[in-house]
Structure formats: structure tokens, C-alpha cells
Amino acid sequence: MHTRGLDAADLDESTIPDLRRRLDAGVLSAVELAEAYLERIRTVDPKLRSVLFVDPNALVAAAASDRRRAAGQRIGPLDGIPVLIKDNIDTADLPTTAGSRALLVAPARADATVVRRLRAAGVVILGKTNLSEWANFRSTYSTSGWSALGGQTVNPHVLDRNPSGSSSGSAVAVAASLAQVAIGTETDGSIVGPGGANGVAGCKPSIGMVSRTGVVPISAAQDTPGPMARHMIDVAITLSVMRGADPNDPITATCPRDGIADYAAELDPDALHGARIGVWRIPGQGAGVDHVLASTVDILAAAGAKPIPVDLPYVRELGDVELPSMWAEFRDGLERYLTTRPGAPRTLAELIRFNVEDPVELSRFGQDHLEAAAAAPPLTDQAYLRGRARATELARRSIDEPMATHGLDAIVVPSNGPAWLIDYEAGDKDEIGSSSPAAVAGYPTATVPAGFDGRLPIGVSFIAGQYADARVLALATAFEQASQARRPPTYLPTID
């Protein structure tokens, strides 16, 4: 197979603009690029288990891209770029399962809106990624990265460590150079957590920037797809294509368009110069995380930013009100979604029974989130409405108040603690919790590699106010360029 120098290091280091220049110059074809990534999926992914399904038509799509380019009809910056899609996002020609054997039925009737936008931009979909089953909303004692269909996705830096969730496969796949970009989803931490833990970049956009139509739901108030990649510029380019209004997702109609056609064009290597950055230090995260945050502060200052210590005042109370709201929203949203999937369970109660009767589904952990959601009140319930309103208020005030008090451009905080050992008895280690304020508020977050705790990557998240997506992307990209913290994974079996 001739791929014109596309070895692992070349794939790891190349950005979308790099690849686009080579494609446009004719020194690389989209077919060769797709073949290089498919070969890595074949040879590297068996030890990672990050890819659930490979698209048999990937090379057909790549050849179509080559024909467009030869005819001078390239249709945008993503034309011919290989992408993986998290398997809770509908694809009409591939299974969509959320990792559950209950959804291993006929494919969805149509592509999700975000997949349709990506196809229209000429991407080459390589396949679907594994995930924490039901986007990590099945059990409080779950093990991230595990699904009944895909088994356990592992962290490519140290293979006995957890990849975090729920966009585990998406993060691992881009870290291991199995695709140029992967699409994840986040309800609370499912992009920024695995992004940080696997040493890649990602963006959870403002709620309403990207359509959720055709995405297996958890919470209509918090769910959003978002891009993950090794390089922030690739995240920015992909988000520019993904976003847009969708009449089938009314919240996208309320999201103001910012007049920016291309987030990548707004990136500025000097974006940190003169910026006021709040530094949110979460206690109890260990010396390694503290060291990375201290290094982050030094890098920010050297780049001309003013780091200012801040606290987010309502985070503890926020944790008490978020989850009950999500139970109610999950029941409502999932049962609506199931009506679109012939052959699948029709209700949450049927899904719970399916899992009890299935020989694999409950083999690692239970389904207490599903059971709590089945007992949750309808979305017309006054207690639910008060709880969701309170959660949104606390989350927004947690960010808005320190930003206003200190005149901040953004807040920076560690995205993750060091990846924990995979342990089905103990389940997941407590997450760092830094994602919740922006997730519940519907505000944007961009995570970017910041350093290592020993052999394990640590990322930092840039958080800002509603619809400040361009700002967090610019600040995170400037930090990425200043820190040069990302390293490719080494696939260590364990840490001595």
C-alpha cells in the first residue's frame, strides 16, 4: 500500500490545513489518506477497542473527493478528511447503538443533522467509535469506556488505565491517529474529560450551536455534539462545519449567529496577550495535577495574560440539583428517540427488562440510572421545572459572577485528574467535576493538553460565557502553541 510518507508520526503531526495543501497540490490523494487511517485502525485498534464499526464505503467516499478535487470542485476545508463518529449519533448506512445490544437493530432511518452537514462538506466517514454505554448514563457504578457491544476501550498512553467517558472511543481514536477528527458528544464532561485523559483537544460548544437531531439523548438542556482532534485548529475547522440552525432542534433557532463563518480564521497566536484569565484550582486533585496547573499559570503569564485566582461559588450546590433533572429529561428524550428505531425497545421499562434478560448487558455493572429515570416525573412536573431552573441559575452564576467581578476573558481549570486503573469492582474513580458549571449552563468549553502526571496526560479547559465559542477556541489554541504539551501515546501496558 503506497501512502506517500504517511507514517504514524506524519499522521500524528499533520493538521487539516497541512493535509489540505498536500491534497490540493496532488502529492496526496484522499484515497491514500483514508487507506493510511484504515490501516492504523486494522493494526492498532485491536489493543484499544476504540472503533465499533468501520464504514465499508469509506474508500468510495474518498475517491469521490479525489474526483471533485481533480475537477476543481472541492467543497470546503473538510473535503476528503477522514472522520470517526461516536456511536450515539445516527448514521443511515451504519449501525447506531449507543454501545447497547438493544439497539443492534436496523440502522437509523436518516443521518443525524450533524452527520448530514459533515457529509455535505465532503468528509470521509471511516466508521463509528465505541463509547461508555448510553453515554455513561446507565449506572453510577459504571466503568467508563465499556459497552456491551464494544467491550472496554483503553487509554493509549497506558493500556491498563481508563480512557474516561463517555466519548472514550472518539478521544482514544484521535490520540492514536486512527482518524484526523472524531465527533463526540457531551452532557457533562463527556468531551472534556476523555479529551484531557487521552491527551487531545476538544470543544463542547454552547448549547444551540450544533443540532442534536438524531443524537441518542440524555438531557435536552445539556446535550451537544462537539469535535475532538489532536490539534485545536482541526477542532475549530470542524466546529465551523458542524454548527448551524436546524428546524428539528428548536434551541438552535434561538442561538444567535456570531457572524463568524470560520472559527479557524479567528484564531490568533497572540490571543492570550492582555487576556485576563481566571484560574480555578480544585483542591484535592494531587501533586501532579497541581504541578500542571502551576505550569499552566506560568505559560499564561509568559504569553502576556494576567492569571487571577478565582473560585466558582455554587458548584457544590449544583451537584445536588443537576442529576434529578437529567433523570426526567433522559426518560422523556430516550422514549421519543426509541420510536424512531424499529425493532428496539419502545420504552425505558422495556429497555430495563431487555438488559435484565440479556447475558452481557449487566455483566459489569447495573442500571440504576435507567431505573431512577423510569421513576422520574414528567417534564410538566413543577418540582422538575424548579429543579432544572435552579440548576441552570447556579451554573450560570458560578461562571458569570467571577467573570464579571474580575473582568475575565475566560476561566481555566484542569479538565481531568490522572487516568485511573480499569476496575470493574470499584467502577470509575470520582471525576474532577470541572465540567459541570459550563455543561449545565450551556456555555462553551475547550480542552487542550497541558502536561502529564507521570505518564498520564492532563488537560486544561478554557470556559467562558454563553456563545463565547470563538473566544475559548482562540485562547485554547494560543495556549496550545505556547505550551507544546501534547505527546503521542506510547501504549505502555502498565506503569511500573
Side-chain angles (χ1 to χ4, degrees), residues 1-51 54-55 58-59 61-63 65-66 69 77-86 118 122-130 153-157 159 163 167 169-184 194-195 198-202 227-238 264 448-449 457 477 480-481 484-492:
M1 183 181 298
H2 179 57
T3 55
R4 298 199 232 186
L6 282 174
D7 59 15
D10 193 15
L11 289 174
D12 176 80
E13 295 169 3
S14 294
T15 64
I16 289 173
D18 295 334
L19 295 173
R20 191 170 64 218
R21 283 190 288 271
R22 293 161 73 175
L23 290 165
D24 289 348
V27 298
L28 175 69
S29 73
V31 167
E32 290 169 332
L33 180 58
E35 284 178 334
Y37 276 123
L38 289 168
E39 178 65 15
R40 283 194 61 78
I41 291 172
R42 284 190 290 270
T43 58
V44 176
D45 195 57
K47 62 186 172 186
L48 302 177
R49 304 191 75 164
S50 67
V51 179
V54 172
D55 191 337
L59 295 180
S65 175
D66 285 333
R69 191 168 265 105
L78 290 183
D79 200 348
I81 300 300
V83 174
L84 283 164
I85 307 290
K86 185 177 177 181
L118 289 166
V123 305
V124 175
I125 293 178
L126 298 176
K128 307 289 286 289
T129 57
N130 199 16
T153 301
V154 301
N155 193 304
H157 291 268
L159 301 177
S167 301
S170 295
V172 169
V174 292
S177 297
L178 309 186
Q180 191 68 23
V181 176
I183 308 304
N198 295 284
V200 299
M228 309 180 79
R230 291 179 295 280
H231 311 282
M232 279 302 309
I233 190 168
D234 293 357
V235 170
I237 290 169
T238 307
V448 63
T477 303
E480 173 191 62
Q481 297 304 307
Q484 297 290 309
R486 188 187 68 84
R487 300 201 299 262
T490 52
Y491 311 98
L492 291 174

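We count residues from 1, following the sequence as given.
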[Y] and [X], any side-chain heavy atoms less than 4.5 Å apart:
{"X": "Val181", "Y": "Ile237", "result": "no"}
{"X": "Asp12", "Y": "Arg486", "result": "yes"}
{"X": "Ser167", "Y": "Pro194", "result": "yes"}
{"X": "Pro156", "Y": "Asn198", "result": "yes"}

[X] [atom1] to [Y] [atom2] distance, which is reported to the nearest 0.5 Å:
{"X": "Leu28", "Y": "Asp66", "atom1": "CG", "atom2": "CG", "answer": "8.5 Å"}
{"X": "Leu59", "Y": "Leu126", "atom1": "CG", "atom2": "CG", "answer": "9.0 Å"}
{"X": "Asp79", "Y": "Ile16", "atom1": "CG", "atom2": "CD1", "answer": "11.5 Å"}
{"X": "Ile41", "Y": "Leu178", "atom1": "CD1", "atom2": "CG", "answer": "5.5 Å"}
{"X": "Ser29", "Y": "Arg22", "atom1": "OG", "atom2": "CZ", "answer": "11.0 Å"}
{"X": "Ile183", "Y": "Thr238", "atom1": "CD1", "atom2": "OG1", "answer": "6.0 Å"}

Check the side chains of Asp234 and Thr15 for a donor-acceptor pair under 3.5 angstrom, ignoring hydrogens and angles. no
Give a yes or no answer on whether the side chain of [X] reaches the backbone of [Y] with a donor-acceptor pair at less than 3.5 Å.
{"X": "Arg230", "Y": "Leu11", "value": "yes"}
{"X": "Thr129", "Y": "Gly169", "value": "no"}
{"X": "Glu480", "Y": "Met232", "value": "yes"}
{"X": "Glu32", "Y": "Val27", "value": "no"}
{"X": "His157", "Y": "Leu492", "value": "no"}
{"X": "Asp45", "Y": "Leu48", "value": "no"}

For residues [X] and [Y], report the shortest heavy-atom separation together with the two atoms involved.
{"X": "Pro449", "Y": "Gly199", "answer": "CG-O, 3.4 Å"}
{"X": "Ala58", "Y": "Val124", "answer": "O-CG1, 3.3 Å"}
{"X": "Tyr37", "Y": "Pro82", "answer": "CD1-CG, 3.5 Å"}

Please step through side-chain contact (heavy atoms from CB on, under 4.5 Å) for the pair Val172 and Asn155, ending with a clear verdict. CA-CA 6 Å; Val172 169; Asn155 193 304; 5.8 Å; no
Which residues pass the ring pair (Phe, Tyr, Trp, His ring centres under 6.0 Å) test with His231, not counting sequence neighbours? none
Excluding sequence neighbours, so at least two apart, what forms side-chain contact (heavy atoms from CB on, under 4.5 Å) with Ala8? Arg40
